[in-house]
Visitor: 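Following this message is one structure expressed as structure tokens.
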Protein chains: 2
Amino acid sequence: MPKVTMDDVARKASVSIATVSRVYTDPDKVSPKNREKVFRAIEELNYQPNALARNLRRLQTNTILIIIPNIVNTFFTFILKSIQDVAFENNYQVLLGDTDRSLEREEQYLYLLQQKLVDGVILLFPRLNPSLIEEIVDNHPVVIVGQPLFDSKIPTVTNDTCLSTQIATEHLIKLGHSKIAYFSGPLNFLLSHDRLKGFRLAMVKHGLKIDESFIFEGDFYFQSGYELAAKMLSLPDLPTALVAGSDEMAIGAIKAARALGKVVPRDLAVIGFDDIKMASICEPSLSTMAQPADELGRISTEMLLALIKGETIKERFVLLYDKLVIRESCGFKKV
Amino acid sequence: MPKVTMDDVARKASVSIATVSRVYTDPDKVSPKNREKVFRAIEELNYQPNALARNLRRLQTNTILIIIPNIVNTFFTFILKSIQDVAFENNYQVLLGDTDRSLEREEQYLYLLQQKLVDGVILLFPRLNPSLIEEIVDNHPVVIVGQPLFDSKIPTVTNDTCLSTQIATEHLIKLGHSKIAYFSGPLNFLLSHDRLKGFRLAMVKHGLKIDESFIFEGDFYFQSGYELAAKMLSLPDLPTALVAGSDEMAIGAIKAARALGKVVPRDLAVIGFDDIKMASICEPSLSTMAQPADELGRISTEMLLALIKGETIKERFVLLYDKLVIRESCGFKKV
DNA sequence: TTGTAGGCGTTATCAA
DNA sequence: TTGATAACGCCTACAA
């Protein structure tokens, strides 16, 4: 493996290095005869162009960076999958930046943009201060997914989480529930506040009293759903329904309820959030709000690639909607 | 944002470009006074070094590529997570190559190595022809995870799947079962053959008859487990236990059994494979073989980074073991 | 300790 | 259509 460069190919094919380069960038500009010679030389030498040199020369990498809070979370993974698909189709590579929910990591990854290591960035559910993001981004191609930065200069595609919890809550209200509990995700996430707001909105809109002792803060995970439900079900006055900020918490709550001899949905109707795989498989199957992961990924990537190409984007802010998936845990019966 | 280069910084700090470069690569070689001046200039100009140029000059990218069959599968994701962690700690970036189980994509990604776009590759559960892999890899730093290429030149870290199904099967045998069924993954995966072999080995070792009508081929997913179990449970003669090649198939089988009025583990003891999150949460909780995802990721990455540094590796073949996780579905009772 | 200058392997401009 | 040559921005002998 003595490294073989374009020079070697050129020499072997008895043409100039410029001609070899053209065979890659603009083959039509090369005579068929020379093209053939070059191809043969490439073949014989087993030559592969050095992408580093090309990138430097072009000041472009054909790589986009995905900054993602946690690669183990299936919701994020689904978004990532569709991003990767679109990127691949367009001949782009995907660099992975798992922040593990750390602010420093998020910031650090963002700097790769200024270092020219990537042509653009998709920022999934950022937690960094918006103005700091804008400062670092500084006109580079970036698309944000999942944060409602209405006032931002940065193109954003997001889903309306506030509306979603509203829909979920109203579904339970329509089923006759009035004493409804809410398990929130961590309240240091903007997202959690939006969702909680949706819950409150729905209750108020229907003239129902919000019992503050029915509102709990968890961490999105199964265990916290279990523990919160155990605590809640020991209250003197019990809710008849629960909206959970994540499917895992919902499933945890269902399991806790069962451990305490309650039957879901009879004694406690439950709606989750995310539509993870488990939601359709668990027992009883979980009604939930499905987020449009595929679309979030696809649309944001298309926007980013357009930005990179320097095209102007018609819509700089795309709003998608979650979908209510009705299964068994909410107690809805088809007529 | 007129692009600012090292030249600009040098001019502003009234030093040479070499001095600026040294501030990054070897600050001790620069006098404190000049260092200070350079820092100030960097700050004022908001300079970020161009990583493309650096990479070309160094012929190194500080990037590793992970070729992964399917990013949506949580088992792979867990491996990826620990890879990313180790890489990040060592100041390496991770480029993501989701093949979607396509051979062409696997091959295509592998060529990024020759194009110098990455310093090394971790190949998760490759399906490409081993000799083709070796040909493309051609002495570049590569580590394979999960494929028992005993005869390969390429360092490998893998877990002993054959032994695992053996252990799972023996666990059921020890619990008194003799009529044991097996749900295999797709048989065009080497992996599936290894696992099936383990099952057969255990049966033979304990002098038990293998009923070929109890061996089914599925696709690893929930639905196939459900369907296979439904088919199996309509046989005239029924098995009393089941080893499934994946947790999803196991859970599907449990659900099918319940739909047919069977009780797990009383009527059918079940052991799965993978220890996905759902395994601990489902009802009854699933006994299963846990694969050492973390270790697979960590060890392979450490090996790869060592290879990149040109260090010699003591062990070129690392064998890890899966762990039997006993829960409710196998019917084991603690004494 | 500092500066000068050559080169990493391409691409792109220009002239032939 | 082709070839010579100057970038791209940085790193690193080597010399001062």
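A, B, ... follow the sequence lines: proteins, then strands. Residue 1 opens every chain.
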Visitor: So, is A/Tyr47 near the phosphate of C/dG9, with a side-chain N or O under 4.0 Å from OP1 or OP2?
Guide: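 A/Tyr47 to C/dG9 OP1/OP2: no side-chain N or O under 4.0 Å.
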Visitor: How many whole angstroms separate atom CG of B/Asp26 from atom P of C/dT2?
Guide: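 Result: 12 Å.
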Visitor: Can you tell me the distance, in whole Å, between the CG atom of A/Leu117 and the P atom of D/dC10?
Guide: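 The distance from CG of A/Leu117 to P of D/dC10 comes to 13 Å, rounded to the nearest Å.
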Visitor: Run the ring pair (Phe, Tyr, Trp, His ring centres under 6.0 Å) test against A/Tyr109 and tell me which residues pass, sequence neighbours left out.
Guide: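 Only B/Phe88 meet the ring pair (Phe, Tyr, Trp, His ring centres under 6.0 Å) criterion with A/Tyr109.
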Visitor: For nucleotides 11-15 of chain C, list the nitrogen or oxygen atoms of the protein found under 3.5 Å from its nitrogen or oxygen atoms, one pair per line.
Guide:
| unit_1 | atom_1 | unit_2 | atom_2 | d |
| --- | --- | --- | --- | --- |
| C/dT11 | OP1 | A/Arg54 | NE | 2.8 |
| C/dT11 | OP1 | A/Arg54 | NH2 | 3.4 |
| C/dT11 | OP2 | A/Ser21 | OG | 2.7 |
| C/dT11 | O2 | A/Arg57 | NH1 | 2.4 |
| C/dA12 | O4' | A/Arg57 | NH2 | 3.4 |

Visitor: Please list every donor-acceptor pair under 3.5 Å in which a side-chain atom of residues 293-310 of chain A meets a protein atom from a residue at least two apart or in another chain.
Guide:
| unit_1 | atom_1 | unit_2 | atom_2 | d |
| --- | --- | --- | --- | --- |
| A/Ser300 | OG | A/Leu296 | O | 2.7 |
| A/Ser300 | OG | A/Gly297 | O | 3.0 |
| A/Thr301 | OG1 | A/Gly297 | O | 2.6 |

Visitor: Going by heavy atoms closer than 4.0 Å, what residues in residues 28-43 of chain A are next to DNA chain D?
Guide: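 Here the set is A/Lys29, A/Val30, A/Ser31, A/Asn34.
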Visitor: Which pairs with one or both residues in residues 52-63 of chain B pass side chain to side chain donor-acceptor pair (under 3.5 Å), sequence neighbours excluded?
Guide: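 Of all non-adjacent pairs touching residues 52-63 of chain B, those that pass side chain to side chain donor-acceptor pair (under 3.5 Å) are B/Gln60-B/Asn62, B/Thr61-B/Asp119.
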Visitor: May I have all residue pairs that pass salt bridge (Lys or Arg N to Asp or Glu O under 4.0 Å) and include part of residues 59-78 of chain B, sequence neighbours excluded?
Guide: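 Pairs touching residues 59-78 of chain B that pass the test: none.
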Visitor: My understanding is that only residues two or more places apart in sequence, or in another chain, count here; which of them pass ring pair (Phe, Tyr, Trp, His ring centres under 6.0 Å) with B/Tyr47?
Guide: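 With sequence neighbours excluded, B/Tyr47 shows a ring pair (Phe, Tyr, Trp, His ring centres under 6.0 Å) to no residue whatsoever.
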Visitor: Only counting residues at least two apart or in another chain, list the ones meeting side chain to side chain contact (heavy atoms under 4.5 Å, CB included) with A/Asp26.
Guide: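 Scan of A/Asp26 (side chain to side chain contact (heavy atoms under 4.5 Å, CB included), adjacent residues dropped) gives A/Asp28, A/Lys29.
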Visitor: Calculate the interatomic distance between A/Leu56 atom CG and D/dC10 atom C1'; express it in whole Å.
Guide: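 That distance rounds to 8 Å.
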Visitor: For B/Arg11 and D/dG9, give me the distance from atom CZ to atom P, rounded to whole Å.
Guide: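 Rounded to the whole Å, the gap is 13 Å.
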Visitor: When you look at CD of A/Glu311, are more than 12 heavy atoms from neighbouring residues, nucleotides or ligands closer to it than 6.0 Å?
Guide: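 Correct, the count exceeds 12.
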Visitor: For A/Lys3 and C/dG7, what is the distance between atoms NZ and P respectively, to the nearest whole Å?
Guide: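 Nearest whole value for this atom pair: 14 Å.
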Visitor: Using whole Å, report how far CD of A/Gln114 lies from P of D/dG9.
Guide: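 Taking CD of A/Gln114 and P of D/dG9, I get 15 Å after rounding.
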Visitor: Output all residues satisfying side chain to side chain contact (heavy atoms under 4.5 Å, CB included) with A/Asp85, sequence neighbours left out; order by chain, then residue number.
Guide: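 For A/Asp85 the side chain to side chain contact (heavy atoms under 4.5 Å, CB included) partners, ignoring immediate neighbours, are A/Lys81, B/Arg105.
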Visitor: Considering only D/dG9, C/dT10, C/dT2, which nucleotide approaches the side chain of A/Thr5 most closely?
Guide: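 The listed nucleotide nearest to A/Thr5's side chain is C/dT10.
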Visitor: Please report, rounded to the nearest Å, how far the P atom of C/dT10 is from the CG atom of B/Asn55.
Guide: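 The distance from CG of B/Asn55 to P of C/dT10 comes to 15 Å, rounded to the nearest Å.
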Visitor: At how many degrees, to 10°, do the end axes of the helix from C/dT1-D/dA16 to C/dA16-D/dT1 meet when each uses five pairs?
Guide: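 Axis-to-axis angle, ends of the helix: 40°.
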Visitor: Could I get the full list of side chain to side chain contact (heavy atoms under 4.5 Å, CB included) partners for B/Ile17, not counting sequence neighbours?
Guide: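 Expected list: B/Met6, B/Asp7, B/Ala10.
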Visitor: For B/Thr19 and for A/Leu52, find the nucleotide of DNA chain C with the closest heavy atom, then tell me which residue's nucleotide is more 5'.
Guide: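 That would be B/Thr19.
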Visitor: Is A/Glu106 paired with A/Arg127 through a side-chain N to carboxylate O contact shorter than 4.0 Å?
Guide: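 No, no charged N to carboxylate O under 4.0 Å.
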Visitor: Rounded to whole angstrom units, what separation is found between the NZ atom of A/Lys116 and the P atom of D/dG9?
Guide: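 Answer to the nearest Å: 9 Å.
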Visitor: Please name all residues satisfying side chain to side chain contact (heavy atoms under 4.5 Å, CB included) with A/Asn73, sequence neighbours left out, ordered by chain then number.
Guide: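 So A/Asn73 forms a side chain to side chain contact (heavy atoms under 4.5 Å, CB included) with A/Asn70, A/Phe75, A/Phe76.
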